[in-house]
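Given the structure is predicted, the values throughout are model-derived calculations rather than measurements. Just so you know, these numbers use all the heavy atoms, side chains as well, and skip hydrogens, waters and symmetry mates.
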Amino acid sequence: MSTAVLRISSEAGQVIVPTGQPRFIIGRARNADYVIADSRVSRQHLMIEETPDGWAVRDVSSNGTWLGGQRMLQTVEVRGETLFRLGTPTGPEVTILSEFPSQRSPYDYGGDADMQTMLPNQAGYIPPRSPGANRPTRPTRGDDLDYQDARSGGYRQDDYAQAEQSGHTRLDREHERSKTYPLRQGTMTIGRGRDNDITITDLLASRHHAQVSVRGNNIELVDLDSANGSFLNGKRVQRGRVGQGDVIAVGHHVFQLEGNLLVEYVDSGDVSFEADGLNVWAPGGGKQLMHDMTFRLPGRALLGVVGPSGAGKSTLLNALTGFRPADKGTVRYAGRDLYDEYDELRRRIGYVPQDDILHTSLTVRKALELGAELRFPPDVTPTERSARIDEVLGELGLTQHANTVVSRLSGGQRKRTSVALELLTRPTLLYLDEPTSGLDPGMDLNVMESLRKLADDGRTVIVVTHSVLQLDLCDYVLVLAPGGYVAYFGPPQDALPFFGESNYPRVFRGLEATPGAESAATFRQSRHYVPSAVTAPSARPAPEELPSIRQQSVGKQLITLSRRTFAVIASDKGYLRLSIALPFVLGAIPLAIGGDFKDTNDNFTPNSDAPTIVLIMVLCACFMGMSNSIREIVKEREIYRRERAIGLSRGAYVGSKVVVLGAISALQSIPFTIIAIGTRLPPDALLVNTLLEFMLAVFVVLFASAMVGLMISALVDNADKTMPLMVVVTMIQLVFSAGIVPVSGTPGLQQVAVISPARWGYAAMASVGDFNLLTKAGLKRPETKNGKPVAGSEVPVNPRAPERDALFDHTAKQYVTDVGVGLLGAAVFIGIASRLLRRLDPKSNKKRAKAPASA
């Protein structure tokens, strides 16, 4: 071996690489031989190996190393002094000096005599200083983990090569090795409970989550009906055989089979994230919305995505989250394909849309409690959920606002509360869409500082924003050009000099005036461009259906969602007062109409008051039912989208709305009917009591109309569109009711009116009141000739009386039929509303749009 001495120096201090050590690792991980705590540095970045002729430096990072302004693509022999930049062309500077002892002054090490006593077994070692970087030192993992020495438990190039050859993930590079568990014959259980053989402290894991069964040389993973599922090599399994190198995932913990050991790794968030060659076309293979989007992030990095309108920021965010996967290209998390392994990895994704994902009438704690119930397995106790909520509130500085109603929070506090909801499940990837939109500069700074802290504490945070005031807090900035091109990716301090402008508004104006392809070409020719060194991007359809990640059963979700809806209504005093007042106010309108439900006993004088009373009652009930529900889904559009992505059952969501609206309709129908009818009741009951029969008919109109409103609420994308539609639909129902124009016997109108709740509600009340008799409908007599009736000839007794409507027959059978068909119609509208909600499901559950053949 060479007798040359290798000295390394950077902002983190100086060190002499000891001779006789096979490998020396420079990186961000705490167990590296030389630690540089900077987000641009990979956990294992440079590997230094002693050779017969000196020292060789190899780049083993995911972020790259620059030498002389060029990316280092092969091993470099160090002779004399060599300067490296880690992570980016302007990343942390590391100087590696190779020299013989005769070239050095003994004073460089404090004297020759001191060199052997500075650190046992490592002559000449000088402990690194705390880094003097712009940002504080970032811990690389929790203090409770059992760390291993870099030379015994850290990354090794040959280990990585072996893992790559076996087709498995880069666990040693991208996750924290924590513990090892020797396998034994029989079964070993994995879960959150202390009685398991392998206990994991992760609320995403069920108390008894899975078991590993060992029978001779056969090893099987068996899922124990866990809430979140068990995964083998990224695929959900109920039972699967485990081979050497295979990876088992339970929550945030992964276990790899190595010999007769299960080696546990914890996803601490210190993992790389890559977008490689992402291309997106409009549905149908039309216009291309994104072009070859490529960039890489180290773990615990904060990325700001900016650009002019139409640059594709939302398209990029949908592609990165997997909500709408790219048609071509790959997104990698810790080296794993996000699209291929989305069922497992989506649990590690947090997403905060531009609109708050909170019910603003609830307190902060109540909103988080209900969110935690939906997100965690059913065996997580209220105490465990409460403890996690307290942790998140403390992390985001919201403890003092825990009992404050969300609507009373400032804009920045409200946004942090939305983030808190996402942090409940400890995501390691956090996406935010316009988190500072509408905030003043002070609040903007407050939110961005909070995101900076979240990244420092162990998450990769990607922020899409129009605000450029606080981009200096980011580790990287991605500037998009119109058409979805990369115009710049790199450190924020280099962005404006790259564009040659003094501020971002000028940059955006220049990008809008320049073709996107030209801006992208300029960037690719610059020193900031980092060519992709990973495998070529693929173009393939995503799975048509992903297994559910439902943490709760449908029934449990139904109960939780119903409780939440009732809590929202009860906490919204204005809405609550209006819901209580409506039946009393609207009931007074038909009460003001004189008349009763008695027969005039005159064939030429029909009772015209009774149909008018019922018509007004139907109109009021239609309005009241639709007003209860017309905004119920559209106001929660973003909340539903987010909760659907993390396991919300569509059936439970719609069912909770049906339960709550059904209860409201039942409660409103009682005072409304009593006030509207008063003592003006028909003399003959069909079933039990005419008042109850009227009340049930009113409920049918109320409830079915509420379901019509629910369908409209699922159809529109903006609450402002609901009121005009409510007026139009109410007027249509008025026509279909048969209270204004005859429906029975009218071609076209009779068939179309079948879908109207007003038609069946009016018919049920008309059946109770015997409207065919009261209106003299269908009363005929034969013509006479010479005072004698002519056989087969009949004429109406009253020429102006309507035709008889069979739905108005005064029989119990007809009344039950009218009520039953009205409720059946309500069920149809419920089904349509549920179907319409499918449009809001993550597109990962469907095939990706087909890219043009030329692509």
Side-chain angles (χ1 to χ4, degrees), residues 280 283 313-326 338-339 342-343 345-360 362 367-368 370-375 406 414-415 417-425 427 429-435 437 462-464 542 545-546 548-552 554 557 560-561 564-565 568 631-657 710-722 833-846 848-849:
V280 176
K313 296 187 292 293
S314 296
T315 302
L316 173 63
L317 192 61
N318 286 332
L320 296 181
T321 57
F323 290 170
R324 198 290 189 186
L338 179 68
Y339 297 157
Y342 187 72
D343 189 26
L345 295 180
R346 58 180 164 170
R347 290 163 183 75
R348 307 179 192 187
I349 295 175
Y351 172 61
V352 181
Q354 183 174 354
D355 297 328
D356 290 323
I357 49 176
L358 300 162
H359 291 90
T360 57
L362 300 177
L368 295 182
L370 293 168
E373 283 190 47
L374 290 173
R375 284 163 169 78
V406 174
R414 189 179 302 185
K415 187 59 64 177
T417 305
S418 293
V419 174
L421 191 60
E422 290 300 297
L423 293 188
L424 289 173
T425 55
L429 272 173
L430 183 62
Y431 302 93
L432 299 101
D433 188 7
E434 301 288 353
S437 177
I462 298 177
V463 183
V464 173
E545 289 293 335
L546 287 171
S548 170
I549 58 171
R550 193 172 299 145
Q551 287 89 348
Q552 307 281 351
V554 174
Q557 285 191 5
T560 300
L561 291 168
R564 183 175 73 180
T565 304
V568 169
R631 296 167 61 92
E632 196 62 31
I633 291 178
V634 70
K635 72 180 182 181
E636 297 180 347
R637 188 181 179 90
E638 291 302 329
I639 297 175
Y640 172 80
R641 287 188 65 187
R642 181 61 197 130
E643 292 180 344
R644 179 68 176 152
I646 53 93
L648 178 67
S649 162
R650 189 190 312 116
Y653 180 77
V654 175
S656 69
K657 300 300 181 186
L710 201 67
M711 178 188 69
I712 295 173
S713 191
L715 175 66
V716 300
D717 58 0
N718 190 305
D720 294 336
K721 299 177 182 178
T722 57
S834 180
R835 183 76 179 179
L836 289 170
L837 278 176
R838 291 188 63 182
R839 300 173 306 150
L840 302 181
D841 287 356
K843 297 301 185 295
S844 299
N845 293 350
K846 306 180 178 78
R848 289 193 256 174

Considering only heavy atoms from C-beta outward, does the side chain of Leu836 approach that of Ile633 to under 4.5 Å? no
Gap between atom CD of Glu638 and atom CG of Asp433 - 0.5 Å precision: 8.5 Å
CZ/Arg324 to OG/Ser314 distance, rounded to the nearest 0.5 angstrom? 13.0 Å
Is the shortest heavy-atom distance from the side chain of Arg644 to the side chain of Tyr653 under 4.5 Å? no
With heavy-atom distances below 4.5 Å as the criterion, would you say the side chains of Arg375 and Glu643 are in contact? yes
Measure across Arg564 and Leu374 and return the closest heavy-atom pair with its distance rounded to 0.1 Å. NH1-CD1, 3.8 Å
Step by step, work out the side chain to side chain contact (heavy atoms under 4.5 Å, CB included) result for Arg348 and Leu429. CA-CA 6 Å; Arg348 307 179 192 187; Leu429 272 173; 5.7 Å; no
Of the non-hydrogen atoms in Pro353 and Lys415, which two are nearest, and what is the gap between them? O-NZ, 3.6 Å
Drop me the distance from Lys721's NZ to Ile712's CD1, to the nearest 0.5 angstrom. 13.5 Å
Does any non-hydrogen side-chain atom of Val464 lie less than 4.5 Å from one of Leu316? no
Determine yes or no for a side-chain-to-main-chain donor-acceptor pair under 3.5 angstrom, with Tyr431 supplying the side chain and Leu320 the backbone. yes
For the side chain of Glu373 and the backbone of Thr560, is there at least one donor-acceptor N/O pair under 3.5 Å apart? no
Between Leu648 and Tyr640, the two heavy atoms sitting closest are CD2-CD1, 3.8 Å
Does Tyr351 reach the side chain of Ile357, with side-chain heavy atoms less than 4.5 Å apart? no
Mind checking the CG-OG1 spacing from Leu423 to Thr417? Nearest 0.5 Å is all I need. 11.0 Å
Pairwise side-chain contact, Val280 with Asn318, heavy-atom cut-off 4.5 Å (strictly under): no
Taking Leu421 as the fixed residue, which of Ile639, Val352, Leu370, Leu358 is the one that meets the side chain to side chain contact (heavy atoms under 4.5 Å, CB included) rule? Leu358
Roughly how far, to the nearest 0.5 Å, is CZ of Arg650 from OG of Ser834? 5.0 Å
Do Val568 and Leu362 make a side-chain contact, defined as non-hydrogen atoms from C-beta onward lying under 4.5 Å apart? yes
Considering non-hydrogen atoms only, spot the tightest contact between Ala326 and Ala319 and give its length. N-CB, 4.1 Å
Minimal heavy-atom distance between Thr565 and Ser656, with the atoms involved, is OG1-OG, 4.5 Å
Quick check: closest heavy atoms across Arg414 and Val406, and the distance to 0.1 Å? NE-O, 3.6 Å
Does Asn718 offer a backbone N or O that forms a donor-acceptor pair with the side chain of Arg637 under 3.5 Å? no
When you compare the side chain of Pro427 with that of Ile349, does any pair of heavy atoms fall below 4.5 Å? no
Inspect the contact between Glu422 and Arg642 and indicate whether a charged nitrogen and a carboxylate oxygen are less than 4.0 angstrom apart. yes
